[in-house]
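These notes concern the structure reproduced below.
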Amino acid sequence: MANDSVTDVFEEHRPVLMGVAYRMLGRVVDAEDVVQDAWLRWSAADHAQVREPRAYLVRVTTRLAIDRLRHVQSRREAYVGPWLPEPYVTDYGPTVPDTAERAVLAESVSLAVLVVLESLSPLERAVFVLREAFGFPFAEIAATLDRSEAAVRQLAGRARKHVDAGRPRYEVDPAQRRDLTERFLAAATEGDLDGLMSLLAPDVRLVGDSGGKAKAPLRVLESADKVGRFLHGAARKGVEGVQWTEFRFMELNGAECLLVLVDGKPDSVFQMDVLDGRIQNIYIVRNPDKLTSLTV
């Protein structure tokens, strides 16, 4: 295979490889490192022996991601405060034209699902990602993980049961999510505590990820009273004494999110889960290390 063809084949499958690696690891930089390692192995492979490049590349990427996941899990145990995945741009554009396929990809990369995936074993997580997000057959997943098909089916069943039990319920209507996010932003910036409280479900949860490098709650806040008063106070004080200068909407992790810019630089990302017309969960990413991949 000519060098140009080797590169073209890899680039053709790069979006899938990046999608698998990110869902496995929850960090863009870790996923990019895994995909780069996969490229090095692909470029050195005997391509005459590779009958299905996509299957080969997914197998290499998945195994590399499992090894990386086992390494980073100990690092996350020492993480300061709650941990959330790094926001990931998911504007698929014309590359994923099918509405049903887009919905599956968006669901599998949502913050709510990725948080639940953190509690799975590396093998369970790999099976869930390959099966649920990308629809790989059980036989192909078994070959990828060097396990029997029966064992893979058992892993898939356990993973699906665990994710279904741990994932919060929410609606995916983008128009409703956008409307509530805009009303939330208006109430917060105008100091309207009553208006803010009216948008929150009674048992709303707020998860803030700062990694100890920015101001955010070090524990999950629960109840409309606690969450509303925290957000009201944070909006009044500004971010570390600086008023939020700009707000933008971006599609991140399969849903429209609010990006807060301070002095023109990404400062915070807000994503909200909505159910029955109320905000059920609020995720705030403020760790600056997790915002560097967001280009403005």
Considering all heavy atoms, the nearest [X]-[Y] contact:
| X | Y | answer |
| --- | --- | --- |
| Val152 | Ala142 | CG2-CA, 3.6 Å |
| Pro85 | Val285 | O-CG2, 4.2 Å |
| Arg51 | Pro53 | O-CD, 3.6 Å |

Open item on the list: Please list all pairs meeting side chain to side chain donor-acceptor pair (under 3.5 Å) that have one or both residues in residues 153-165, counting only residues at least two apart or in different chains.
Closed with: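 Non-adjacent pairs meeting side chain to side chain donor-acceptor pair (under 3.5 Å): Ser119-His162, Glu124-Arg158, Glu132-Arg160, Glu149-Arg153, Arg160-Asp164, Asp164-Arg167.
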Test item: [X] side-chain N/O and [Y] main-chain N/O as donor-acceptor pair under 3.5 Å:
| X | Y | value |
| --- | --- | --- |
| Arg286 | Lys215 | yes |
| Gln271 | Leu252 | yes |
| Asp263 | Lys265 | no |

Task: Exercise: do Thr181 and Glu256 side chains pair donor with acceptor under 3.5 Å - done: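 No, Glu256 and Thr181 have no side-chain donor paired with an acceptor closer than 3.5 Å.
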TODO: Could you list the residues that satisfy ring pair (Phe, Tyr, Trp, His ring centres under 6.0 Å) with Tyr56, not counting sequence neighbours?
DONE: Trp42
For a quick test of your reading: what N or O donor-acceptor pairs under 3.5 Å do the side chains of residues 58-65 make, sequence neighbours left out?
{"from": "Thr61", "atom 1": "OG1", "to": "Leu57", "atom 2": "O", "distance (Å)": "2.8"}
{"from": "Thr62", "atom 1": "OG1", "to": "Val58", "atom 2": "O", "distance (Å)": "2.7"}
{"from": "Arg63", "atom 1": "NE", "to": "Thr144", "atom 2": "O", "distance (Å)": "2.7"}
{"from": "Arg63", "atom 1": "NH2", "to": "Ala143", "atom 2": "O", "distance (Å)": "3.3"}
{"from": "Arg63", "atom 1": "NH2", "to": "Thr144", "atom 2": "O", "distance (Å)": "3.0"}

Residues 12-19, side-chain donor-acceptor partners within the protein, below 3.5 Å, at least two apart:
{"from": "Arg14", "atom 1": "NE", "to": "Glu11", "atom 2": "OE1", "distance (Å)": "3.0"}
{"from": "Arg14", "atom 1": "NE", "to": "Glu11", "atom 2": "OE2", "distance (Å)": "3.3"}
{"from": "Arg14", "atom 1": "NH2", "to": "Glu11", "atom 2": "OE2", "distance (Å)": "2.9"}

- [ ] Kindly give the cluster partners of Trp83, where membership spreads through any ILVMFWY side chain lying under 4.5 Å from a current member.
- [x] Tyr79
Open item on the list: Are there over 12 heavy-atom neighbours, none belonging to Arg229, within less than 6.0 Å of that residue's CZ?
Closed with: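 No.
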TODO: Scan for ring pair (Phe, Tyr, Trp, His ring centres under 6.0 Å) pairs involving residues 16-36, sequence neighbours excluded, and state none if there are none.
DONE: Tyr22-Tyr88
